[in-house]
Undergrad: 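The structure under discussion is supplied below as structure tokens; questions concerning it will follow.
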Amino acid sequence: MMSDRVDHIGIAVNDVVEVARFYSEALGVEVSEPEFEPTEGVKIAFLPTSSGLVELLEPVNEASAIRKFLDNRGEGMHHICFEVLDIEAAMRQVVAFGAQLIDEKPRHGRGGRKLAFVHPKSAHGVLIELLELGKE
Ligand code: ZN
């Protein structure tokens with residue numbers, strides 16, 4: 001087994017403050033203060049649930065992948081992230097299956113953790129992130 005844990009779900013939103021207010025006040029879910037993530041060109045607010053994070057992602061520039069997603073599909077689930085023990089092994093398994101990766105090599109995310117994306121064309125319409133287990 002490559003993964004038994006969803007690390008987070010990313011949701012593309014137009015206004016992170018407004019959407020954070022919905023989760024906080026309508027659903028009673030704890031939401032962090034939005035923070036700027038320059039590498040992805042987004043503002044992010046985190047919903048730290050005991051079964052994994054939910055990330056609210058608002059684009060802050062036109063180059064952001066989240067901006068393109070919102071323009072094409074509107075607000076909604078952007079990606080689901082599975083935690084894996086070994087990112088290179090996970091990527092090899094995806095390729096061996098015949099599915100398409102977006103990343104040829106792992107990229108580095110928050111905290112230096114290695115990650116790679118599986119193309120939604122190969123994953124039944126869902127963008128899948130594979131995230132190597134952190135060492136914290
Ligand atoms: Zn993610």
Side-chain angles (χ1 to χ4, degrees):
M1 182 169 49
M2 239 162 56
S3 177
D4 65 354
R5 185 173 180 275
V6 170
D7 183 81
H8 64 268
I9 293 169
I11 299 175
V13 304
N14 288 314
D15 181 337
V16 74
V17 172
E18 181 191 329
V19 178
R21 203 173 73 82
F22 164 76
Y23 281 94
S24 171
E25 295 179 20
L27 302 180
V29 178
E30 184 188 339
V31 183
S32 74
E33 281 298 311
E35 48 192 82
F36 180 53
E37 179 63 49
T39 53
E40 294 162 47
V42 292
K43 268 196 288 190
I44 305 181
F46 298 99
L47 287 61
T49 79
S50 63
S51 52
L53 279 178
V54 176
E55 299 177 346
L56 307 176
L57 305 160
E58 175 193 331
V60 294
N61 61 52
E62 293 306 306
S64 167
I66 301 296
R67 173 81 271 147
K68 292 177 195 111
F69 180 90
L70 286 169
D71 290 346
N72 291 332
R73 296 170 65 164
E75 289 186 309
M77 198 184 93
H78 178 260
H79 68 279
I80 182 165
C81 174
F82 292 94
E83 193 173 68
V84 298
L85 278 175
D86 178 338
I87 189 76
E88 280 87 2
M91 292 170 78
R92 282 195 301 275
Q93 185 167 333
V94 169
V95 170
F97 179 83
Q100 186 188 339
L101 291 164
I102 290 174
D103 302 290
E104 283 180 25
K105 291 179 185 169
R107 57 175 106 169
H108 293 270
R110 277 189 303 279
R113 291 174 73 182
K114 290 196 264 182
L115 63 93
F117 285 94
V118 180
H119 201 288
K121 277 191 288 194
S122 292
H124 305 270
V126 177
L127 176 62
I128 294 178
E129 178 180 354
L130 303 170
L131 178 65
E132 193 166 79
L133 186 64
K135 291 173 186 76
E136 321 95 88

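Since the structure is predicted, the reported quantities are computational estimates derived from the model, not experimental observations. Residue indices begin at 1 and follow the sequence shown. In each ligand, atom 1 is the first atom listed, and ligand 1 is the first ligand listed.
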Undergrad: Show me the side-chain donor-acceptor pairs of residues 86-96 shorter than 3.5 Å, one per line, residues at least two apart or across chains.
TA:
from, atom 1, to, atom 2, distance (Å)
Asp86, OD1, Glu88, N, 3.0
Asp86, OD1, Ala89, N, 3.1
Glu88, OE2, Lys114, NZ, 3.4

Undergrad: Quick one: do Glu40 and Arg107 make a salt bridge, cutoff under 4.0 Å?
TA: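 A salt bridge is absent here (no side-chain N lies under 4.0 Å from a carboxylate O).
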
Undergrad: With respect to Phe82, which candidate in Asp7, Val6, Leu131, Val118 satisfies the side-chain contact (heavy atoms from CB on, under 4.5 Å) definition?
TA: Val6

Undergrad: For Phe117, enumerate each residue passing the ring pair (Phe, Tyr, Trp, His ring centres under 6.0 Å) test, keeping only those at least two apart in sequence or located in another chain.
TA: His79

Undergrad: State, without any angle test, whether Glu55 and His78 hold a side-chain donor-acceptor pair at a distance under 3.5 Å.
TA: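 Side chains of Glu55 and His78: no pair found under 3.5 Å.
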
Undergrad: Give every protein N, O or S atom lying under 2.8 Å from the Zn ion (ligand 1), naming each by residue and atom.
TA: His8 NE2, His79 NE2, Glu129 OE1

Undergrad: For a quick test of your reading: what N or O donor-acceptor pairs under 3.5 Å do the side chains of residues 62-71 make, sequence neighbours left out?
TA:
from, atom 1, to, atom 2, distance (Å)
Ser64, OG, Ile66, N, 3.1
Arg67, NE, Asp71, OD1, 3.3
Arg67, NH2, Asp71, OD1, 3.2
Lys68, NZ, Ala63, O, 3.3

